[in-house]
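Below is one structure, written out as structure tokens, with a few remarks after it.
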Amino acid sequence: MTERESMPCDVVIVGGGVAGLSAAIRLKQINDELEIVVLEKGSEIGAHILSGAVVDPKALDELIPTWREDGCSMAETPVTENLHWVLSKNKKYNLPHIMLPPLMSNKGCYTGSLGNLTRWLGEKAEELGVMVFPGFPAAEVMFNDAGAVRGVITQDMGIAADGSEKGDFQPGMEIEAKYTLFAEGARGNLTKQMKAKYDLEADCEPQVYGLGIKELWDIDPAKHEAGKVAHTQGWPLSESDSWGGGFIYHQANNQVALGFVTALDYKNPYVSPFQEFQRWKHHPAIAEMLEGGKRVAYGARVINEGGWQSVPKLAFPGGALIGCAAGFVNVPRIKGSHTAMKSGMLAAESLAASIADGKEHTEVAEYEANLRESWIADELKMVKNAEPAVAKYGNELGTILSGADMWMRTLKIGLPITMKHHRDFEMTGRADLYQPIEYPKPDGVLSFDRLTSVAFSYTNHAEDQPNHLQVADIDLQKASELEIFAGPSSRYCPAGVYEWMTEEGEEPKFVINSQNCVHCKTCDIKDPNQNITWTTPEGGGGPNYPNM
């Protein structure tokens with residue numbers, strides 16, 4: 001076997017999103033002699049970042065107070081108007097802002113591309129001397145004899161689909177570190193392994209997720225209102241007894257970011273989140289805005305929705321979880337970038353202190369303690385019953401109950417309970433209990449098919465490489481996923497990766513079009529048998545999101 005090269009450093013950070021880069025920047029702010037490595041699986045920093053986004057600048061103000069004057073594109077578009085619409089099939093009802101708890105306000109927030117904010121943070125990190133390596137996914141965790149994390153190994157390059165080494169084979173590099181931060185985002189592969197190895201979820205509720213699907217449109221300048229933000233709930237998910245909602249953000253340069261989040265605890269296996277999003281765009285209030293416009297980008301990514309009660313143990317020997325790897329999304333606000341950044345900063349402060357004391361590969365309990373006393377905890381505790389209330393009682397009653405709970409918590413008299421979660425895959429119902437859903441065909445103007453959409457994510461994977469979507473038991477997949485649940489993988493995937501192909505006289509064949517994968521992780525979450533595992537493909541593979 002080819003010997004791997006080894007690179008020592010003080011801290012290696014797995015993931016170049018806002019959490020990982022904030023941690024890297026804070027570490028260098030504290031001690032510029034620290035050697036910090038950031039590994040990013042995307043072809044460039046920001047390539048895999050997908051979010052609405054409306055950003056609360058609280059953490060950014062703490063990290064880089066001069067960001068508004070320092071070339072950050074997020075400063076271009078402050079939020080000017082905040083709307084909440086309840087939709088029926090043909091009408092919309094404005095929910096008066098005065099009815100919403102104060103924490104739901106977007107006053108002082110900004111709307112723009114989280115990918116571009118990430119690129120800007122990447123530049124700031126490199127200016128401070130952080131070693132940022134895009135196109136190098138961390139594929140394996142290394143442990144010392146005591147069982148502590150001692151670093152990671154990057155993905156091998158040039159492996160053929162049959163597992164043999166191609167002519168351009170390059171073995172992954174061992175990144176040896178005193179501490180390792182996992183900032184992979186929601187449902188990261190290595191994060192899953194750390195949760196299992198150290199039993200990090202022993203004392204919390206299971207994490208639950210929503211699938212966010214987004215498009216970026218250039219619209220008629222006469223219809224564009226920079227800074228206008230609208231969120232929707234109700235139709236069309238109300239027709240399938242599912243829940244979630246849409247967002248419409250008027251950003252810079254006559255562009256609108258619009259998207260749709262479907263909670264992945266839906267029961268009806270015939271639900272297609274992608275097609276629910278396409279239907280939503282045909283609502284009169286949305287269609288009128290898009291008329292004369294042009295779609296320029298598409299993408300999809302799962303979102304943590306478990307809230308405070310689903311935050312796992314954060315620190316373990318030699319490492320810690322930060323950002324969406326741990327799950328700090330404020331679901332009612334549809335915001336998680338500010339909490340992700342703050343978690344990275346808190347971890348950095350604790351790790352820098354530990355290294356200064358001469359420690360390495362220890363469990364940095366101070367990070368956990370500090371985070372659980374921080375404003376992240378204060379904010380997430382305020383909304384901890386919002387998601388489970390809607391999940392249990394439905395969109396209408398659940399919204400009323402969660403709103404009442406948030407109002408009472410604002411007044412310091414919240415309900416003395418913490419509601420529980422059920423894992424998303426456990427909620428999927430048998431197909432024989434439901435009627436198939438006949439979705440309208442895309443019109444090619446407002447609504448589109450999945451393969452056309454994937455082209456707008458600029459997804460690319462190197463040919464002739466091992467399939468990064470691993471099915472543990474193909475017989476189980478047929479006997480259960482197909483025969484009991486009617487093949488929901490062909491509907492829950494927003495990129496057309498999974499198909500059940502049937503040729504005359506032959507058994508159905510499970511086809512995986514892995515080259516289409518946009519790395520959303522839905523299959524890893526929603527597969528009824530937890531029989532599909534998402535792993536990292538060759539470096540640089542996946543979407544290349546522009547301005548998303």
Side-chain angles (χ1 to χ4, degrees), residues 47-48 50 161 187 209-216 236 240 242 259-262 264 266 268-281 295-302 425 428 431 436-471 474 477-478 481-482 485-503 508-528 531-535 537 541-545 548:
H48 288 180
L50 184 77
R187 196 69 171 194
Y209 301 87
L211 171 58
I213 303 176
K214 175 185 174 181
E215 292 177 351
L216 192 66
S240 61
S242 307
F260 200 77
V261 179
T262 302
L264 289 177
Y266 61 82
N268 186 339
Y270 293 108
V271 165
S272 166
F274 174 84
Q275 295 190 82
E276 295 290 346
F277 172 42
Q278 302 306 313
R279 289 179 72 199
W280 175 79
K281 286 184 290 177
R295 181 178 67 159
V296 296
Y298 167 86
R301 187 71 170 91
V302 296
F425 74 90
T428 309
I437 300 173
E438 294 294 331
Y439 288 104
K441 292 183 178 180
D443 66 2
V445 178
L446 291 179
S447 50
F448 310 94
D449 63 76
R450 277 183 286 191
L451 294 185
T452 300
S453 297
V454 170
F456 280 82
S457 70
Y458 307 98
T459 293
N460 182 61
H461 291 89
E463 296 182 4
D464 190 24
Q465 65 170 299
N467 193 336
H468 67 281
L469 301 164
Q470 299 177 357
V471 179
I474 196 64
Q477 203 67 17
K478 179 178 180 297
E481 206 257 355
L482 177 61
F485 300 102
S489 58
S490 64
R491 292 179 289 276
Y492 61 58
C493 175
V497 169
Y498 301 101
E499 295 179 274
W500 283 99
M501 304 290 287
T502 305
E503 296 186 12
K509 183 179 180 181
F510 194 46
V511 177
I512 303 176
N513 305 301
S514 59
Q515 69 276 12
N516 291 355
C517 180
V518 296
H519 300 196
C520 73
K521 316 293 179 62
T522 305
C523 55
D524 202 297
I525 295 162
K526 190 59 175 172
D527 180 73
N531 196 36
I532 301 175
T533 299
W534 188 96
T535 63
N544 287 280
Y545 292 135
M548 293 281 267

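Below, all heavy atoms of this structure are taken into account, side chains as well, without hydrogens, waters or symmetry copies.
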### Task
Locate the shortest heavy-atom distance separating Tyr298 from Val454; write the atom from each residue and the value.
CD2-N, 4.1 Å
### All side chain to side chain contact (heavy atoms under 4.5 Å, CB included) counterparts of Gln465, not counting sequence neighbours
His461, Ala462, Pro537, Glu538
### Query
Between Asn531 (side chain) and Val471 (backbone), is there a donor-acceptor pair under 3.5 Å?
no
### Task
Not counting sequence neighbours, which residues clear side chain to side chain donor-acceptor pair (under 3.5 Å) with Asp443? List them please.
Ser447
### Query
Is Lys521 reaching over with its side chain to a backbone N or O of Val302, donor-acceptor style, under 3.5 angstrom?
no
### Query
Do Phe448 and Arg295 come close enough that some side-chain heavy atom pair is under 4.5 Å?
yes
### Task
Check whether any side-chain heavy atom of Asn268 sits under 4.5 Å from a side-chain heavy atom of Ser242, and report yes or no.
no
### Query
Roughly how far, to the nearest 0.5 Å, is the CZ atom of Phe425 from the CG atom of Asp527?
9.0 Å
### Task
Taking the side chain as every heavy atom from C-beta outward, state whether His519 and Trp534 have any atom pair closer than 4.5 Å.
yes
## Note on the structure
Per side chain to side chain donor-acceptor pair (under 3.5 Å), Ser489 is matched among Gln477, Lys526, Glu481 by Glu481
### Least distance between heavy atoms, Thr522 atom then Pro494 atom
OG1-CD, 4.5 Å
### Closest non-hydrogen atom pair between Cys493 and Arg450, with its separation
O-NH1, 2.6 Å
#### Entry: Close side-chain approach of Cys523 and Tyr498, heavy atoms under 4.5 Å
yes
### Task
Please state whether the rings of Phe260 and Trp280 are parallel, tilted or perpendicular, taking 30° and 60° as the class boundaries.
tilted
### Query
Of all heavy-atom pairs between Gly496 and Asn513, which one has the smallest distance, and what is that distance?
O-ND2, 3.3 Å
### Query
Do Thr459 and Asn516 come within less than 4.5 Å of each other through their side chains, counting heavy atoms only?
no
### Task
Apply side chain to side chain contact (heavy atoms under 4.5 Å, CB included) to the pair Thr533 and Asp524, showing each step before the final yes or no.
CA-CA 5 Å; Thr533 299; Asp524 202 297; 4.1 Å; yes
### Summary
In Gln275, Glu276, Arg491, Gln278, the residue satisfying side chain to side chain donor-acceptor pair (under 3.5 Å) with Tyr439 is Glu276
### Query
Going from OG on Ser514 to CG on Leu469, what distance comes out if it is rounded to the nearest 0.5 angstrom?
6.0 Å
### Query
CZ/Arg301 to CE/Met548 distance, rounded to the nearest 0.5 angstrom?
13.0 Å
### Summary
In terms of heavy-atom contacts, Pro488 and Pro269 come closest through CB-O, 3.8 Å
### Message
I'd like to check Leu211 versus Tyr492 (side-chain heavy atoms, cut-off strictly below 4.5 Å). Are they in contact?
### Response
no
